[in-house]
Structure formats: structure tokens, C-alpha cells
Asks: 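Below is a structure I'd like to ask you about.
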Amino acid sequence: MKGPGRMLQLILESILKKPSTVSYPKFKEAPLKSLRGAIAFIPENCIGCKICMKDCPAGAIIITKIGEKVFQAEIDLSKCIYCAQCVDSCPKKALEYTTQFELAALDKNKLKVTTSGKLQTTTQNETPKSE
Amino acid sequence: MSDIEKTKENLIQKFPALAEKTQITRETRIWTEIPFELFLPVFNYLLTDLHFNVLCAITGMDEVTQFSVIYHLAKENQLVVSLKVILASKEKPFINTITDTFPAADIYERELVDLLGIHVNGLKEGNRYPLPDNWPQGEYPLRKGWTADRLKKKEGGAPNA
Amino acid sequence: MGLIKKIVTWGRTKSPWVLHFNTGACNACDIEIIAALTPRYDLERFGVLLKGSPRHADVLLCSGPVTRQIGDRLKRIYDQMPEPKFVVAVGTCACSGGVFKGCYNIESGIDQVLPVAAYIPGCPASPKAIIDAVVKLLKSLEES
Amino acid sequence: MGQAIYNILVFPGLFFLILFGWAAEFIDRKIYARGQKRVGPPWYQPVADFIKLAAKEDIVPEEASATSFKLMPLIAMASAVTAFFYIPLWTTEALFSFYGDIIVVMYLLTIPTLTFFLGGWYSRSLYSTIGAMRTLTQLFAYEVPLFVVILASALLANTWSLSEITKFYALHPHLWIFNLLGFGIGIIALLGKLEKGPFDIPEAETEIVAGSFTEYGGRLLAFFRLTLDIEVIVGASLLAAVFLPFGLNLTPAIGFVIYIIKVLFIVILLAVLRTILARFRIDQMLDFCWRYLAPLAFIQILINLLVKGLLLR
Amino acid sequence: MPKKVRIPVGPQHPALKEPVSFSLELSGERILEATIRLGYNHRGIEKACEERSYIQDLYLLERICGICSHSHSTCFVQAVEEIAKLEVPKRGLYIRTLIAELERVHSHLLWLGVAGHEIGFDTLLMFTWNDREIVMDLLAETTGNRVNYGINSIGGVRRDITDEQIKKIMKAMDTLEERTKYYIKIATEETTIIQRLSGVGVLSHDDAVKLGAVGPTARASSVDRDVRRDDPYAAYGEIKFKVITDNHNDVYGRTIVRVLELMESYNIIRQLLQNIPAGPIAVKAPRKIPAGEALSRYEAPRGEDVHYVKSNGTENPERVKVRAPTLANIQAVAHMLKDRYLADMPIIIAAIDPCFSCTDRAITVKDLGQKSEGLMQWGDLRKYSIEWYKGKGIDFSNLKKI
């Protein structure tokens with residue numbers, strides 16, 4: 001059977017039903033665990049091999065040595081494509097992905113995240129612990 | 001004998017010169033390399049006698065010592081023959097258009113013109129290829145050794161406005 | 001005068017009409033922008049309407065790393081928009097060029113061509129991230 | 001004199017019309033959104049839109065003729081508001097009335113459409129031009145059926161004044177049933193007049209950006225939008241007065257409520273129609289209007305003539 | 001008397017979500033000639049591929065197009081795996097195929113919505129996109145991102161799928177199947193939709209073959225081609241499915257093909273999940289790929305995708321050539337636009353499900369050398385319009401006197 005207005009019934013139903021809109025950002029549900037969000041750097045694990053820098057498709061991560069066995073990572077969120085290849089590439093699990101995705105900023109400079117390990121005054125075998 | 005072997009057989013029978021350069025790379029793919037002079041006869045033979053009537057793509061390549069163009073032709077969407085044509089001249093590379101048989105080849109050929117600087121004889125005039133209208137003359141990005149720095153130098157370092 | 005200014009600011013923050021311009025993106029951000037307008041996320045809750053003409057728009061949503069071919073057209077579209085106007089860079093490409101940085105045919109980022117009011121990183125920026133950015137931008141307008 | 005100015009500017013004139021227009025726009029957008037499973041805009045949306053647009057920069061395209069370009073929104077609004085005064089609302093008496101005002105109202109309601117066309121034309125932009133063309137083309141398609149059904153109703157009442165028509169139907173309340181066909185045609189023609197989907201052909205976004213309004217921005221666009229909102233109310237009031245003659249002899253307060261309900265009913269009907277139908281193509285629209293709508297409108301005249309001959313002798 | 005107007009459509013236009021420029025020569029509302037200028041989206045990906053390593057290229061090529069991102073990345077890894085002679089584990093192939101089919105579902109639902117939008121039926125857009133979110137959720141959960149999934153790696157896939165996810169996908173398929181049946185009903189019954197779609201954008205079987213159309217565009221012109229069946233890759237060799245064709249030759253036919261393909265996709269996904277073998281999901285790939293070359297074909301939602309990869313034994317490929325499906329289909333668009341109404345333009349362009357970011361090429365499809373004689377003056381335009389409609393049996397010149 002053909003005719004105009006075949007969706008009438010569905011539409012009248014949906015006017016009466018609750019809309020399917022999620023009321024974000026008023027109520028924030030926990031993001032999916034598998035979501036690839038911003039990359040976090042764990043300085044204690046880093047050995048400075050820089051494989052992540054080599055594999056990063058967008059050149060978003062820069063590892064610099066700031067002291068004996070202490071490294072600093074500068075992750076540019078405005079360059080990162082959130083593919084998490086660096087997490088896969090890292091041999092020592094010094095990088096991991098978080099589920100953080102609300103990264104919008106009005107200032108581009110705020111998108112640069114620098115994480116560094118603690119500088120040691122004395123050379124010890126112990127790895128620095130972050131609080 | 002499978003289809004693919006038959007095709008190879010036929011091809012070699014017709015053009016004995018191809019015997020060395022033709023190989024089956026996979027159960028549905030044939031790869032062959034021919035000099036520019038042989039292109040039209042082989043192409044027409046493939047098209048009319050062996051019914052390779054689907055054009056998948058045309059790939060242009062800069063192989064430093066020579067330019068080559070690969071025609072990927074498919075038959076009923078099953079067998080694919082990659083016909084690699086070695087171009088005659090490195091300085092002034094050119095090919096002939098196949099838009100008469102495949103109107104769709106137009107874009108692929110324009111791509112050769114713009115990105116590699118291969119002249120296509122018989123290609124109708126029309127809009128530019130993928131590059132912008134204000135692209136400088138004589139710059140062919142897909143040629144080996146070409147880098148984006150060249151462009152910057154030519155434009156005096158200023159980003160294009 | 002203060003009251004009128006307040007009313008005008010209120011009007012502006014409650015009715016941002018957007019114009020979407022693909023400046024050479026891979027489509028992913030574009031479909032996410034559309035997805036942000038569809039029932040699940042529904043940007044119309046914030047008064048956002050997608051407009052076709054630059055004359056009607058307040059916010060220019062740009063996605064993509066700005067190809068050479070599109071650069072001057074982007075500027076022309078921006079000039080056609082009446083004041084006050086804002087540019088929002090949607091997605092990593094629009095923020096900095098992303099994976100395409102270094103390609104010969106792009107300008108790497110909207111801010112090379114136009115002043116940008118907000119950056120939304122993400123590849124692509126998910127609808128929620130876009131809503132988040134809209135809310136952040138509107139809040140900053142309200143305060144200024 | 002003071003009373004007249006109050007009537008024109010405040011109630012039931014301009015001010016009331018604007019508020020009611022905004023409310024109608026909100027209801028229309030909300031129904032549209034809810035029909036699509038969305039939440040839709042908040043209640044203050046039309047007001048915020050208007051304030052924002054009014055506070056924006058005005059840009060007149062270089063090639064456009066500035067005076068005409070700027071004048072169009074004002075003419076459109078003035079004529080829509082003027083037409084309103086001749087329509088009986090919640091009593092059988094309109095604010096102003098004279099014999100033959102029905103023709104005047106119909107003409108006044110055509111003027112906004114003409115200004116959309118002229119505004120688009122004066123913009124000198126290609127999309128506007130095509131939008132303007134389509135506006136005019138569409139005008140010819142829906143105007144005739146609308147005219148005919150309203151005249152059919154007037155024929156039955158044997159008068160050329162809107163107030164007289166309502167008076168007649170208030171006296172013979174059962175007769176509205178014969179005008180039902182006319183009401184349906186009127187609703188469809190009104191959709192065309194208001195350029196709402198499925199007849200939003202002149203401003204079809206995916207084809208010609210925003211049609212006539214492509215080059216309008218800021219204050220001028222705000223006025224055009226306001227005009228469209230007002231036109232919804234005026235059009236709906238006209239159809240309500242002619243085809244839904246209920247509750248006219250009651251006290252003004254109850255009559256007023258019934259009037260609001262009648263108009264909102266029409267507004268909701270329009271919103272639902274635009275939700276469930278896909279946009280027509282301009283040739284399909286013409287085809288539809290001339291092949292089905294116009295003949296049906298003439299059948300309405302025939303019915304009314306028969307009714308008049310048989311029942312009202 | 002000048003008779004033609006030339007209107008530009010794009011690069012920014014509401015009907016196009018992507019930059020491309022069509023120059024339409026109009027006579028009244030009728031399109032005489034359409035010229036296409038592509039290349040607004042040209043980013044130089046092929047060159048960039050040569051400058052980067054295989055791992056980086058994987059993500060770069062995924063971003064050729066955000067809608068069929070999995071198609072491009074799979075097509076590329078298939079070529080690289082063939083060169084490197086890597087044997088991808090069965091489970092990896094099944095997951096790859098699963099994502100490919102989920103992507104097809106999301107892409108076709110997206111198209112259905114866009115088609116609705118182009119014919120001014122936003123309600124359809126809202127409903128289909130609402131259902132599409134179900135697929136997006138599944139994709140986000142299995143791959144970690146809504147679009148640009150990043151699930152492929154050279155030698156397999158990066159993420160395994162859990163039993164819980166399998167159950168979830170199975171359940172979602174039932175919901176989607178029910179919804180799709182409703183859309184099929186709507187598409188075949190709603191008069192206003194049929195009116196706008198049938199007879200529009202006609203592409204005959206012969207033209208489709210000649211112009212090299214691929215995918216649903218070709219299949220709607222009864223060209224029975226599908227790489228999934230003809231040249232099986234990934235896990236398609238072990239799956240039973242039908243190739244949908246239709247003989248309407250128009251936009252309506254393309255709609256039917258796409259909605260029926262949706263139903264077929266649900267079947268494929270069910271089969272995949274029922275038969276998914278246990279085992280590893282990937283093998284380790286060397287950083288340096290041995291010298292060689294390969295051509296890879298893949299049936300993307302829009303049609304056949306072709307990648308040619310040549311390696312030279314280093315970490316970077318020597319040449320990567322991408323032939324996106326839209327590039328093959330775009331030729332047909334100018335042909336289909338001819339002699340249609342301006343109002344049909346959006347839906348005709350949308351009907352091939354264009355993806356200009358894939359295409360990023362520039363071409364004049366047709367240039368007859370006819371120059372339009374400038375913008376018409378109003379009087380002429382109106383006269384022309386009246387004459388045109390007179391030809392259709394509608395006479396305005398008399399109407400004014402009513």
C-alpha cells in the first residue's frame with residue numbers, strides 16, 4: 001500500500017514518548033572503558049628508547065632526557081590523533097590511554113601537556129615514586 | 001588449467017617477448033612488464049580478446065631511472081592483470097590516452113599529468129587535477145626527491161594565501 | 001546600557017547558529033558534527049541550528065587541515081559572516097594539521113588562516129566533545 | 001483614538017502578534033523536534049534568536065540595491081500585521097471591517113510573499129535569485145486554491161466581509177461541516193504560503209542554501225523571520241475564522257481561550273505535516289496544486305452552491 | 001536572449017558536507033551541463049606515505065576517509081601482508097571482517113539519513129541516525145573509537161573481542177534488523193519519497209559499465225559485481241551471502257540496494273560471530289617490509305577500493321596508490337545530472353554516497369566548450385521560466401490576470 005505520511009504513526013508515538021537524547025553535559029555517564037582518550041605518561045617506566053616518537057603518526061609526543069634515567073614527555077593534545085599506537089609500541093608500558101575526551105580548550109597552549117619524572121639529587125637505584 | 005594460467009598462456013603465445021616478464025603473483029593476479037611500444041597491441045589484446053574490460057586504476061611511478069605507468073585491468077571483477085608500461089623517455093615522459101575506451105580513465109590520467117608530469121597525448125582539456133589552481137609550474141610532487149620545501153623556497157617562504 | 005548589553009549577550013549565548021565548513025577533512029569530524037545534531041545528542045537544546053548561508057551564522061565550525069585549494073575560500077566565507085563571529089576548530093586536523101602535518105598541500109591548522117576561538121582535539125572529535133566545547137565557548141562568552 | 005493606537009500596537013495588535021508568533025514558532029520547532037525523538041529548543045529560543053539577530057551586524061551585498069534590500073522586511077511585516085486587523089478573532093467582529101475586506105486580506109497576505117521574492121531578487125545573488133523565482137512560481141500554485149476555498153466559504157455566507165462570514169457561521173454552526181474539504185485545502189495552501197516543508201522549496205537548504213534569504217543577515221533577517229512567525233498566526237487566524245466558527249458568541253475571555261486553542265491546533269497540524277512529508281520538487285508542487293488542489297477547491301465551490309441551493313433557500 | 005545561468009554549487013554548500021565544486025549550467029530549473037571541480041580535499045597523502053613508515057601510513061591511510069576508514073586501512077594492510085607474506089590468524093581475519101561489516105551498516109544507515117536530508121525529509125535523517133548510534137556504540141566498544149577505529153595492525157588486529165561483546169552485537173543486530181525492515185517499508189510505501197527518488201539520476205547498465213561505476217551505484221544498474229564474492233579477502237570466503245542487485249537504474253534502485261545490503265550485512269555479522277574461531281589475533285610484523293609489490297582490492301560500502309603498494313625493503317613504502325570508490329563513481333554523476341532538475345541535484349550527488357576526501361582529485365567531467373552568456377536579467381529569466389513551464393502545460397502568463 002502506498003501513500004503519503006506513512007511515518008505518521010511513528011512520529012505521533014515519539015512525540016508522546018521520551019526523547020532519546022542523553023542530557024549531556026548535565027549528567028555525565030562514565031565513558032566506555034575501551035575508549036581511547038588522552039594519552040598519559042608514566043615517567044617511572046620510561047627508558048628513553050623513543051620508539052613512541054618514531055611510531056607516532058602525527059608527531060605529537062616528544063620525549064626528552066632531563067636527568068640521569070629521568071625523562072620528560074611533552075604530549076601535544078592538539079596534534080595527537082588518539083590512535084594509541086605509542087601505547088602499543090612502548091616496550092616498558094610507560095604510556096597508557098585514559099578515557100578522557102573532554103579536551104576542548106579556548107587556548108591552544110593549554111593543550112600541551114608536559115609530564116616529567118622527579119629529578120634525583122643523589123644517584124640511587126631506586127625509581128622515584130610519584131604520589 | 002585454471003583461468004589465470006590460461007590467460008598467461010594466451011598472453012605469452014600472442015606476445016612471446018613477454019614470456020620472461022609475466023608472472024602469476026597470486027591466484028587472481030597477473031603481473032607483466034612491457035616496453036612502451038608494445039603497450040597498444042597488448043592493451044587491445046587484453047581488452048578485446050581476453051575481455052579484461054574493467055579499469056581498476058592507473059598508477060604512475062617514478063623509478064628514478066625511468067618512469068612507468070601501471071594499468072590495473074580486471075576481468076569480470078575476478079582476474080586482475082597489472083600491465084606495467086616502461087615509458088620511453090625520462091626527460092619528457094609521455095603516454096597515449098585510453099579515454100576513448102575507458103572514459104573513466106580521464107581522472108587517472110590527469111593525476112599522472114599533475115603529480116608526475118607525464119604528458120598524456122590526446123587528453124581533452126579540462127579542469128586541473130588534484131592540485132590547486134595556483135600551483136607553481138613544473139612542480140611534480142610525486143617525483144622522487146621532490147619535497148615540500150621546494151615549494152616553500154619557490155614561494156619565498158610565505159605560506160600560500 | 002548595562003541591561004541592554006546583558007540582554008544582547010544572553011541572546012548571543014542562547015542562539016549560536018553554526019555554519020559547517022569542511023576544509024579538507026577526512027569526513028569523520030563532519031559526520032560527528034551532524035551526529036551531534038541528531039536525536040542522541042541534539043545540539044538544538046542549546047539553540048544551535050545548522051545554517052547553510054554564512055550570512056546567517058555566528059559560529060564557523062571548521063574541520064580539516066585547510067588544503068591550499070580551500071584556504072582563500074575559507075577566508076571569503078569568514079568575511080561574509082556578520083560580526084560578531086567565532087571560529088571553532090573541530091578535530092585534531094583543524095587544530096594543528098594532525099596526521100597530515102607536513103603534507104605538501106595543506107596549511108596545517110585553521111589558526112594559520114583565521115583567528116580561532118576554541119579548539120576541539122580528537123580524531124575525530126566525538127559529539128560529546130563537540131557539545132563540551134560548545135558549552136565551554138558559550139560560558140566564556142557569558143563571562144566576557 | 002488612544003484606544004485605536006492601543007489596539008494596533010499592543011492588543012490585539014503588533015505586540016500580541018509578536019508574542020503569539022514566537023510562541024507558535026516555539027511550538028512548531030518543539031513538535032518537529034519531538035517528532036524526531038529530540039528534545040528540541042528551550043522555550044525562549046525564538047526570543048533569543050531575535051535578540052541575537054537584531055544585535056548583529058547588517059551586511060548589504062555590494063551588488064544589491066540597498067534601499068529596496070532594506071525596505072523589504074519592513075513592508076512584509078507591515079502588510080502581515082495590517083491583514084490581521086480585518087480578521088475576526090474571538091468575537092464575530094474584527095477590529096476593522098468593511099464590505100469586501102476579504103479581498104483586501106488576501107492581497108495583504110500576498111505582499112509578504114512578494115517581498116520575499118523582491119528581497120531575493122534585489123540580493124543579486126544566484127541562490128537568492130533562484131529562490132525568488134521559486135517563491136513566485138509557488139505563489140501561483142497555492143494562491144488560487146486558497147482564494148477559491150475562502151471564496152467558496154464566503155459564497156455560502158453570501159457576503160464579502162470576513163466579519164459577516166463569521167457572523168453567518170456563528171448563526172449556522174452546523175454548516176462548517178460542508179467546508180471541511182476547504183479546510184484541508186486551506187491547510188495545504190497555507191503550508192505553501194508559509195514556505196514550510198514539504199513546500200519549503202523556495203528555501204530548500206540542500207539545493208539553494210536559504211533561497212531568497214541567503215544574503216540577508218542580522219536585523220533584516222530578524223524581521224523576515226518575525227514576519228514569517230506573524231504570518232503563521234495571521235494565516236492560522238484566517239483559517240480559524242473562516243473554517244472553525246466555534247465559541248464566537250461566548251464571553252470574550254472564554255472566546256479568547258478558544259481562539260488560542262484553534263490557532264495552536266492549526267500550528268500543530270502544520271508542524272506534524274512538515275515532519276512526516278518529504279520536500280516536493282517545484283514541478284511536482286505545481287503538478288500537485290493544479291491537478292489535485294485546484295480542482296478540489298472548485299468542487300468545494302460546487303458543494304457550497306448545492307448546499308446554498310438546497311438547504312438555505 | 002541569454003538563456004543560461006551558471007550557478008556554482010560548492011565548495012561550501014549545505015547539500016555537500018565536503019568541499020567539491022559543481023558548476024551547473026541551468027536553463028530554468030533544468031540542468032543542462034554539470035562540470036565538476038574536485039581537489040579541494042587533496043592533501044597529498046600518497047606522497048606523505050612515501051615519507052613515513054608502514055606503521056604511520058596505516059593511521060594516515062585510515063584518515064583518507066572518515067566514513068570508510070576501515071576499508072582503506074584494511075585494503076592497505078592486506079597489500080602489505082601480501083608483500084611480507086604474513087599469515088594473519090583466522091580470529092584476526094574474522095574480527096577484521098566484523099568491523100568491516102559494522103562499518104558498512106553504519107555507512108549505509110548514514111547514507112539513508114543523508115538521502116532523507118537531501119530530499120528535505122529531515123525526519124528520516126533523525127530516525128536513521130538515531131539507530132546508527134547503536135552501531136557507533138558497538139564500534140566504540142569493540143575498537144575504542146567511534147570513527148577511525150584503528151583496529152588494524154600489520155599482521156592482524158589490535159584488539160580482541162570478548163564473549164560479552166559478541167552477545168551485545170548479536171542483540172543489537174536483532175534491533176537493527178527490525179528497524180531496517182521498517183525503513184524498507186517506508187522507502188517502498190511513502191509516496192513523497194518515491195516521487196523524489198524514482199526516475200531520478202538514471203544510469204543504464206551499459207553506461208554504468210562504460211563509466212566504471214562501482215559498488216551500490218553499479219549494482220542498482222544490475223551490474224553484478226562485488227569484490228567480496230568475486231575476489232574473496234579476509235573471512236568472506238567462508239561466509240554465505242547474496243550480492244544484491246536491482247534493475248531500477250535510478251536513485252530509488254540505489255536506495256533499495258543499500259537497505260537490502262543492510263539486511264545482508266546483519267546476516268554476515270551473525271555468521272561471523274557464530275563461527276569465530278579461537279586463537280591469536282595477530283602475528284608480529286617486521287618493521288622492514290621486503291621488496292615487492294601487491295594490489296589489494298576491497299569492497300568498501302561505496303564500492304571497490306583499490307590499493308597498490310610497492311615496497312623496496314626499507315621501513316617506508318616506495319609507492320602507495322589509492323583508488324577510492326568515489327573516484328570511480330564521480331564520472332557517472334555528471335552524466336546523471338544532465339537534463340535533471342536543480343532540485344534533484346543534491347540527491348543525485350548524494351546517491352553515489354560521495355566521499356570526496358577519498359577522491360581528492362580534480363577533473364572536468366564534461367566540457368562542451370559552451371559558454372553561458374552571463375547572468376540573466378530578471379525579465380528574461382521570468383519569460384524563460386514561463387515558457388519552460390508552458391512546455392509542461394502550465395501557463396503563468398494568463399494566471400496573473402485572475
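What you see below is based on every heavy atom in this structure, not just the backbone, and it leaves out hydrogens, waters and symmetry mates.
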Asks: When heavy-atom pairs shorter than 4.5 Å are enumerated against chain A, which of C:Asp42, C:Leu137, C:Asp132 gives the highest number?
Replies: C:Asp132
Asks: Please classify the contact between C:Phe86 and chain A as side chain, backbone, both or neither, with a heavy-atom cut-off of under 4.5 Å.
Replies: neither
Asks: Where does A:Cys80 contact chain C at under 4.5 Å (heavy atoms): side chain, backbone, both or neither?
Replies: backbone
Asks: Quick check for you: among A:Leu106, A:Asp76, A:Leu103, which has the greatest number of heavy-atom pairs under 4.5 Å with chain C?
Replies: A:Leu106
Asks: May I ask you to name which of A:Ala105, A:Pro57, A:Gly59 has the most heavy-atom pairs under 4.5 Å with chain C?
Replies: A:Ala105
Asks: Provide the closest heavy-atom pair for A:Ser78 versus C:Ser96 in the form atom of the first, atom of the second, distance.
Replies: O-OG, 2.6 Å
Asks: Between A:Tyr82 and C:Pro121, what is the shortest heavy-atom contact and its length?
Replies: OH-CB, 3.3 Å
Asks: With rounding to the nearest 0.5 angstrom, report the SG to CZ distance, C:Cys123 to A:Arg36.
Replies: 9.5 Å
Asks: Heavy-atom distance under 4.5 Å to chain A: side chain of C:Ala129, backbone, both or neither?
Replies: both
Asks: If you count heavy-atom pairs within less than 4.5 Å of chain A, which of C:Thr38, C:Asp111, C:Val88 leads?
Replies: C:Asp111
Asks: To the nearest 0.5 Å, how far apart are OG in C:Ser126 and CG in A:Leu35?
Replies: 7.0 Å
